[in-house]
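Input: a single structure, listed below in structure tokens.
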Amino acid sequence: MYLTICRNNDLFVTLNSGDAVVGRPGSLITGPNGRTGVFVVINPQNFDQYLSTCSIDSIQINNATYNNAIVYLPEPVPAPADCCADCESTIRSLLPVGTPNATITTSTQPPSVGTVIRNEYGMIVLANEAENNITFISSCSIDVFFI
């Protein structure tokens with residue numbers, strides 16, 4: 001749904017390899033089990049770039065306001081009980097909605113900075129002070145953060 005909402009906005013997508021991709025949202029390609037496996041981003045030269053959804057650290061959308069109609073995935077049932085699940089849950093507990101000036105670093109630089117506007121399973125969403133730049137961050141990709 002958000003791909004439709006931000007269709008005319010450039011995305012800045014960071015990957016856990018340290019690489020980054022710029023472009024407009026294309027499509028989501030599902031795998032054989034019906035789960036999304038690839039996110040297509042169309043670069044400024046109009047070429048499709050295929051990004052593994054498992055490798056995305058963050059997606060920044062400049063000149064866009066947050067849309068409350070976004071629906072997030074629910075926490076799986078039964079909830080995972082491994083180390084990654086503990087890290088994800090603890091990180092989200094330390095970054096509640098309304099946390100100002102959160103500085104979050106993933107494998108890329110510079111860090112993302114803003115106020116936490118959403119705290120969902122697997123996802124922290126930051127907005128800048130004017131709330132016109134939105135950054136979606138995979139909570140499992142957070143290396144370090146300051147509040």
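Only this structure's heavy atoms are used, side chains among them; waters, hydrogens and symmetry mates stay out.
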Residues forming a side chain to side chain donor-acceptor pair (under 3.5 Å) with [X], sequence neighbours excluded:
{"X": "S107", "answer": "D57"}
{"X": "T115", "answer": "none"}
{"X": "N119", "answer": "R92"}

Close side-chain approach of [X] to [Y], heavy-atom, < 4.5 Å:
{"X": "P76", "Y": "Y121", "result": "yes"}
{"X": "V13", "Y": "L51", "result": "yes"}
{"X": "I117", "Y": "I134", "result": "yes"}
{"X": "R118", "Y": "F136", "result": "no"}

Which side-chain hydrogen bond (donor to acceptor under 3.5 Å, both in side chains) pairs, counting each pair once, include a residue from residues 93-102, with sequence neighbours left out? none
Please report the closest heavy-atom contact between [X] and [Y], naming both atoms and the distance.
{"X": "N133", "Y": "N62", "value": "OD1-CA, 3.1 Å"}
{"X": "G26", "Y": "I42", "value": "CA-CD1, 4.0 Å"}
{"X": "T90", "Y": "D86", "value": "OG1-O, 2.8 Å"}
{"X": "I56", "Y": "F39", "value": "CD1-CD2, 4.0 Å"}

[X]: side chain to side chain contact (heavy atoms under 4.5 Å, CB included) partners, not counting sequence neighbours:
{"X": "D82", "result": "P80, C84, A85"}
{"X": "N43", "result": "Q45, F47, Q49"}
{"X": "N33", "result": "R35"}
{"X": "C54", "result": "S52"}

Distance (rounded to the nearest 0.5 Å) between C140 SG and N16 CG: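 So the gap between those two atoms works out to 11.5 Å.
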Gap between atom CD of E75 and atom OG of S89 - 0.5 Å precision: 7.0 Å
Hydrophobic cluster partners of [X] (side-chain heavy atoms under 4.5 Å):
{"X": "V113", "result": "none"}
{"X": "V116", "result": "I91, L94, L95, I104, I124, L126, I137, I142, F145, I147"}
{"X": "Y50", "result": "I29, V38, V40"}
{"X": "F12", "result": "V22"}

Checking V125 against Y72 for the side-chain contact (heavy atoms from CB on, under 4.5 Å) test, could you report, in this order, the C-alpha distance in whole Å, the side-chain angles of both residues, the deciding distance, and whether it holds? CA-CA 11 Å; V125 183; Y72 294 86; 3.4 Å; yes
Is there a donor-acceptor contact under 3.5 Å from the side chain of T106 to the main chain of S141? no
Grouping I, L, V, M, F, W and Y whenever their side-chain heavy atoms are under 4.5 Å apart, do L11 and M123 come out in a common cluster? yes
